[in-house]
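In the text below, chain A, chain B and the rest are named by the order of the sequence lines, each starting its count at 1.
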Amino acid sequence: MTDRTRLRVFLVAAAGLAVALGVGLAGLPRFGSPASTYADVINALAVPLRRSTDAVSAVTLDFRGIDTLFEEFILFAAVAGVSILLRPLSDEIGEMPEDQAPDRRVPPPSPAVGLLGTILAPLLVVAGLETVTHGQVSPGGGFQGGVVLASALFVVYLATSYSRAERFQPGGLLEASDGAGAGGYVIVGVVGLLAGAAFLSNTVSLGQPGNLISGGTIPILNAVVAVEVAGGFVLLAKEFLDQTAVIRQDRGGRRS
Amino acid sequence: MRDAVIALALVWVAASGTAVVLTRDPLHQAFVAGFFGLCLASLYLAMQAADVALSQLVVGAVALPFVILLSLAKVRKPE
Amino acid sequence: MIPAVAHPAPGTVLAPLAVAVPLAAAAVLAGANQRIPALWRDLLGSAAAATATVLAGVVLSQAAHRRVVYWFGGWRPVHGTVIGVDYAVDPMGGALAVLAGVLALAALVYSRRFFGETGGRYPALVLVFTAASIDFAWTGDLFNMFVAFELVAVTGFILTGFYAEEEAPLQGAINFAVLNTVGGLVVLTGVALLYGHTGTLNLAQMGQTLAGHRPGGLVVVAFALLASGFLVKAGSVPWHFWLPDAYGTAPAPASILIAGVTSELGLFGLARTWETVFSGAVAGSAEQRIRLVLGALGVLTALVGTAMALAEDHPRRLLAFVVIAHLGVYLLGFSLLRTAALGGVALLAAGDGFVKGALFLAVGIIRRHRRATGARALRGEGPAITIAAGVIVLGVLCLSDLPPFSSSVGKDLLVATAGSAGPLVEAVIAVTVVGSGAAILASAVQVWQGHAVDNPSPSEDAAETAAGWGNVTLLAPPVVLLAAALGLGLVPHLADHAASAAASFADRPGYHAAVYGAARRAVARPGTGGGGVEPLVIDGAEAAASVLAAAALVSRRRIAPVLGRGTGWLRDLHRGHLGDQLTWAVLGMAAMAAASGLALR
Amino acid sequence: MTVLAFAVVVWLFVVGLYGMVTSRNLIHLVVCLSVAQSATDLLLLEIGYVGHGHAPVFVDLPKHPGPTVDSIMQALSLTDVVLGAAVSALLLALSVQVHKRTGTLDPDELRTVEPNRS
């Protein structure tokens with residue numbers, strides 16, 4: 001199709017789809033009216049049965065924990081996939097771009113960056129841990145906290161050692177953390193089985209609502225998710241960052 | 001009052017979403033997309049979805065633009 | 001109203017393990033990556049896939065007597081409101097899980113040590129794909145189905161783009177990813193609409209809420225969205241464009257997963273939501289009309305797939321079009337909306353799934369061998385090549401629905417239940433079978449003679465020849481897969497089993513009762529006629545016609561211009577332009593919504 | 001209000017698709033996909049929204065706090081956000097590789113999954 005034809009056909013099709021969506025959405029209850037008893041039941045059960053004052057955490061990590069197990073494996077697959085797709089390929093060599101200028105020396109990390117890192121990283125770690133550990137009490141949880149922790153790790157990485165990347169290769173550790181987090185979720189599920197209950201049953205003592213130690217397996221799952229997400233996101237960013245240092249040689253030896 | 005805030009945020013989201021699509025230069029788009037993520041997060045907050053707002057914030061306004069910028073850094077490197 | 005967090009019945013514990021084992025193994029494989037020796041990686045991966053397959057097989061045998069219902073976290077329904085997520089395994093879903101497990105095992109054995117440079121990540125992705133497929137086939141929850149749908153797509157397109165040194169696999173992966181993600185968004189929109197309407201995500205409760213009410217605009221649109229989303233994955237026209245781009249470029253072991261499992265999952269998703277959610281709300285006349293819509297789509301898909309298979313030179317793209325053509329036949333069979341026909345479709349899909357896997361692997365062996373020896377022609381090149389060629393010929397016969405392969409039983413069942421539509425179904429199947437069989441045979445002959453255009457990329461070559469070609473682990477998977485298709489056909493009373501599995505699949509009240517814990521035996525098995533001499537004659541004629549047509553195709557120089565003129569515009573549509581593919585997809589969704597509106601209201 | 005809320009969902013979805021179809025750059029296309037994706041997140045939350053309801057967080061609240069917004073839809077939306085991030089990252093990785101191989105990101109120039117690679 002030419003650009004023009006494609007645009008025309010698309011506009012007709014999109015108009016049709018929009019009308020269809022409109023018809024469908026028109027059948028929904030008015031915006032702002034309660035939709036389901038399912039939600040009412042969950043909202044009513046979260047605190048008494050799960051001692052989790054954040055009902056959303058109770059849903060994602062307990063009532064519908066199996067969804068989140070697969071969600072974690074989507075992240076896990078994405079991290080593995082990015083590593084596979086951005087691996088050093090047979091026709092590529094890894095060099096820092098600076099290496100191409102023979103008289104240029106790699107500058108050490110500037111004191112300013114280092115200082116920023118030393119101030120920022122602990123703050124981010126505290127914020128991340130706070131978000132992870134309070135998942136069952138207040139909004140936040142393993143995913144959000146994990147990303148914050150990842151950015152803390154990344155700040156450290158950038159501030160101290162990326163330009164001396166050869167010396168510090170945390171890849172294996174990050175992989176292990178990614179795998180351990182994802183596998184940990186499965187293990188928590190299997191522990192339920194071993195306790196004679198169902199897969200992903202909340203078999204740990206529940207504690208008091210609002211308390212840091214409450215919700216049974218919910219904080220444990222938040223922790224394993226955080227371990228996975230933190231490792232996975234740093235690994236992901238590292239793979240992309242490494243790409244700037246990868247040079248491809250085509251078959252004629254030309255570099256790009 | 002809350003309805004007015006939500007309505008305003010909805011309009012903002014629609015406008016900034018459109019801007020993301022219409023910004024054809026990927027570098028500019030990365031920043032507009034970050035702003036769009038911010039708008040979405042505030043809309044979610046106004047709709048009492050703090051958990052989702054937090055996720056949207058870390059993904060849409062931080063992680064995604066960051067990865068886009070890294071990709072662009074690779075792609076834009078002079079041949 | 002404190003719900004009992006009940007302990008599950010003994011014996012049902014296997015259902016979650018079938019998913020947990022491959023996932024746990026995947027976490028270990030990717031987490032430890034290079035730190036496990038290659039041999040142990042291969043063993044762990046294969047053992048996990050084998051365990052999942054065996055567990056799925058046991059669950060299938062349990063489900064044959066009575067649906068296996070499993071509540072995650074022990075959350076049973078409270079006063080009719082479902083609060084957790086369940087697996088509700090019936091024989092159909094159980095069989096699909098076994099198929100996924102067997103194909104994953106074959107892929108892992110075949111690709112032993114190929115992908116050393118990526119360490120444990122490649123087998124990990126195959127295992128995650130398997131677990132997601134099993135979850136999709138078993139889950140009783142619509143949102144959980146969506147999550148599994150996405151995970152299947154994500155792992156699928158990563159495996160497709162594996163040869164990242166080359167342009168074509170990358171584009172195949174991008175088209176796969178974008179189209180399937182849009183399909184996923186559409187499915188999720190459908191899920192959201194149904195939740196807003198029924199207040200639940202559980203398939204059984206949803207079906208119960210909708211039953212007996214004439215479907216309103218919302219339900220119609222939700223059906224159209226779910227159907228188009230699932231058909232994107234299945235690869236029905238006009239959502240099929242990503243499929244040849246992906247299969248044509250993926251590594252052979254990944255192709256068999258995508259070809260043998262993904263299409264089936266898409267169709268399964270459509271059938272599952274139709275039978276458990278929507279069918280109760282549809283009256284007789286509306287059912288007639290939706291039958292027409294789906295049937296027309298099936299015929300169109302079968303014809304486009306066959307025509308493109310005939311016009312295609314590239315062996316693996318050709319196989320992809322054969323997959324599309326067969327999907328069209330399955331869709332046509334499903335559109336009859338009769339339980340016995342559904343059983344026939346299941347048998348066809350299972351048999352074809354094994355055979356298509358065997359074909360992809362056999363083509364892979366021949367290609368690899370030709371690269372390794374540098375030989376142009378393959379005549380007299382040793383036992384490995386002869387076996388691979390034998391697999392291709394037998395495979396084509398099997399795809400021709402000849403007895404004693406299982407697809408023959410399936411086809412007869414399908415035609416027998418089609419009623420007045422019988423001749424049409426028979427004709428479409430005949431065209432598909434003859435056309436695709438001829439295309440594969442002709443292509444195999446060309447590969448054999450060294451004329452084929454399918455030159456493996458250097459990188460692919462380096463990866464795949466490293467393992468050595470004469471290896472047992474290379475030859476065993478295609479042979480075993482073919483034997484599985486044959487063995488399935490020899491199971492006594494196969495047609496009856498399939499029909500009863502389909503009856504249980506389509507039994508909406510029974511499904512609901514099982515999910516809600518009411519004891520209920522499997523429904524009575526409907527008797528099936530069929531067999532006799534006449535189908536045998538037709539099948540034989542079809543196989544013969546395939547061979548003749550293949551002979552004609554091989555002397556291509558004479559008919560190629562004719563074929564080229566006839567299908568030139570069609571080939572133009574399949575150039576792999578992402579914008580075009582998206583436009584067609586959106587157009588298809590709008591058309592599906594309009595057609596559903598006309599049919600169901 | 002109802003019309004506005006749902007219209008924004010349809011608009012975001014269609015505009016995202018429009019951007020993808022007309023895109024001349026894969027990275028731009030990926031971001032447009034994430035716009036269409038956010039339409040579904042928004043729809044889930046709108047369905048779960050309860051007017052004057054408070055968030056489903058029960059810290060420091062009286063025993064019967066009145067209407068609460070739907071926690072299920074928030075959980076689903078949360079899952080979808082994570083999922084979208086994963087898909088975007090993968091597509092960006094694919095785009096980076098495509099650019100390395102071909103020197104372009106324009107889908108128009110990439111229309112070569114050639115039927116004939118002879």
Side-chain angles (χ1 to χ4, degrees), chain A residues 31-32 43 54-61 71 75 78 82 85-86 97 100 124 127-128 130-132 134-151 154-155 158 222 225 229-230 232-234 236-248 250 254-256, chain B residues 1-15 17-18 20-22 24 26-27 29-31 33-34 37-38 40-79:
Chain A
F31 178 66
N43 284 341
D54 183 1
V56 180
S57 287
V59 174
T60 47
L61 295 174
E71 176 205 307
L75 263 185
V82 168
L85 295 171
L86 298 182
Q100 285 170 41
L124 283 170
E130 161 94 14
T131 316
V132 174
H134 287 72
Q136 69 283 8
V137 179
S138 56
F143 176 74
Q144 297 96 330
V147 179
V148 175
L149 285 177
S151 55
F154 207 74
V155 166
L158 282 181
N222 265 328
V225 169
V229 170
F233 265 74
V234 181
L236 209 138
K238 179 183 172 302
E239 293 287 351
F240 273 98
L241 203 55
D242 283 351
Q243 278 299 306
T244 54
V246 164
I247 294 153
R248 175 179 167 245
D250 63 19
R254 196 175 61 87
R255 292 173 162 199
S256 59
Chain B
M1 177 58 201
R2 200 206 277 174
D3 275 8
V5 173
I6 292 177
L8 195 67
L10 277 169
V11 173
W12 262 111
V13 162
T18 315
V20 173
V21 169
L22 295 182
R24 296 278 164 177
L27 185 61
Q29 198 197 20
F31 293 103
L38 212 61
L40 270 178
S42 29
L43 172 59
Y44 295 166
L45 206 59
M47 288 167 71
Q48 305 295 311
D51 282 274
V52 190
L54 212 54
S55 291
Q56 181 61 46
L57 205 65
V58 295
V59 168
V62 182
L64 190 59
F66 181 62
V67 177
I68 294 170
L69 290 179
L70 285 178
S71 308
L72 285 172
K74 173 62 184 171
V75 167
R76 294 207 152 199
K77 212 167 66 175
E79 292 289 312

> Residues in side chain to side chain donor-acceptor pair (under 3.5 Å) with E71(A), at least two apart?
Replying inline: T79(D)

> Side chain, backbone, both or neither: which part of A50(B) has a heavy atom under 4.5 Å from chain A?
Replying inline: both

> Side chain, backbone, both or neither: which part of T60(A) has a heavy atom under 4.5 Å from chain B?
Replying inline: neither

>> Can you list the residues of residues 54-62 of chain B that sit under 4.5 Å from chain A, counting heavy atoms only?
In response: L54(B), S55(B), V58(B), V59(B)

> CZ/F143(A) to CG/D51(B) distance, rounded to the nearest 0.5 angstrom?
Replying inline: 12.0 Å

